[in-house]
Protein chains: 2
Amino acid sequence: MRLNTKSAFLQERIKFEKHLSLSGLQISRARKIVFNEAIRNHGHFTSEELAKICFNKNKISRATVYRVVKDLLESGVIRETAFGDKHHHYEHIYDEKPHHHAQCLRCHEFIEFPDMKEDERYRPYLEKRGFKILGHEMHFYGICEKCQNQQKMK
Amino acid sequence: MRLNTKSAFLQERIKFEKHLSLSGLQISRARKIVFNEAIRNHGHFTSEELAKICFNKNKISRATVYRVVKDLLESGVIRETAFGDKHHHYEHIYDEKPHHHAQCLRCHEFIEFPDMKEDERYRPYLEKRGFKILGHEMHFYGICEKCQNQQKMK
DNA sequence: TCGCATATGAGACACTGTATCATAGTTAAC
DNA sequence: GTTAACTATGATACAGTGTCTCATATGCGA
């Protein structure tokens, strides 16, 4: 964990609250709780998982959690990771180094690798078309080392 | 459209049929029809859209289309685009220039932009870890121009 | 504190993708 | 061409995810 963890957390909260007020939304109890649980979670999570946690701890309803997840996404506090199964996966950005994912088509395991800022060359193209970029992900797919070896053994 | 369109189409069909026979699957009427409709479609499509087309034209049932889409995926004729709304999106690979996608979080519309080969710098990193890369996609998300304007009008 | 706009919870709902199973179609051997 | 064995199909039911509705509760500016 980095030294600036506390202030990074605060920055995220400020980012979120700023987004809310700019959008005419309230800083309600439910939004605070869902925000905290999303930040507390240090892996990937789905809306359903977050909803279960928030309901068990604080009786926040499923519908509300789904609604707040959208706010978190739009504020840039969490991002959607580009997975292929039928759930939406998210991860928070706070205290994380920018990274991308490579996924094995057989075992569906992930490899994370650092962001090398290669996206910068794409930005002008999208911004010229009026697209407001909130995030990006480089998504590789293929076969991981383990699965390649298993195939050889057959 | 490129000059080699016809032969490229044939190659795709051979690729598909080869996959089927290697997997012990039959080259049935339904599989031929779904293959043709997937190739005919020159944008993104979801299983549901494909199912509607195949049912209206040829009375192929929804369940069958979903099953054939899996075959098409595994044979490499179509690929899943790494997207986040609740449908799976596919596009066929035949006759397409490499490109990536940006998606609006509100209206879910896509912008396509050309591949600038920025992924090349990531390859050594993944290959060093034994990951066999079969493809990649750069995925941007944000708010499109139209949706930004709609927010302002409120 | 009051009044109004926004948020919430509970449940119903729509939709996607999968499973089941009886029937139909395909293939290969003869 | 027939037959037998296997695979594919269609119809339907089902589970799970995410959205919508609406009555009630809460937050916020005056």
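Naming convention: chains lettered A, B, ... in sequence-line order (proteins, then strands); numbering from 1 in each chain.
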OP1 or OP2 of dG18(D) less than 4.0 angstrom from a side-chain nitrogen or oxygen of Tyr66(A), does that happen here? yes
Report the end-to-end axis angle of the helix from dT1(C)-dA30(D) to dC30(C)-dG1(D); each axis comes from five terminal pairs, and the value is rounded to 10°. 40°
When the ring centroid of Phe140(B) is compared with that of Phe113(B), is the distance short of 6.0 Å? yes
Quick one: do Lys52(B) and Glu49(B) make a salt bridge, cutoff under 4.0 Å? no
Member of Arg31(B), Lys15(B), Lys18(B) meeting the salt bridge (Lys or Arg N to Asp or Glu O under 4.0 Å) criterion with Asp71(B): Arg31(B)
Once you round it to whole Å, what is the distance between P of dG17(C) and CD of Glu48(B)? 7 Å
Glu49(B) has an atom CD; how far is it from atom C1' of dG17(C), in whole Å? 15 Å
Is Lys70(A) close enough to dT19(D) that one of its side-chain N or O atoms is under 4.0 Å from OP1 or OP2 there? yes
Backbone N/O of His19(A) and side chain of Ser23(A): donor-acceptor pair under 3.5 Å: yes
Kindly indicate whether the side chain of Phe35(A), heavy atoms from C-beta on, has any atom under 4.5 Å from the side chain of Leu72(A). yes
Between Lys132(A) and Glu127(A), does at least one N-O distance fall below 4.0 Å, as a salt bridge requires? no
Using a cut-off of 4.0 Å between protein heavy atoms and nucleotide atoms, how would you tag nucleotides 2-10 of chain C 5' to 3' with B, S and -? ----SSBBB
Nearest 0.5 Å, what's the NE2-CD1 distance between His44(B) and Ile78(B)? 12.0 Å
Contacts of Tyr66(B) meeting ring pair (Phe, Tyr, Trp, His ring centres under 6.0 Å) (sequence neighbours excluded), chain-then-number -> none
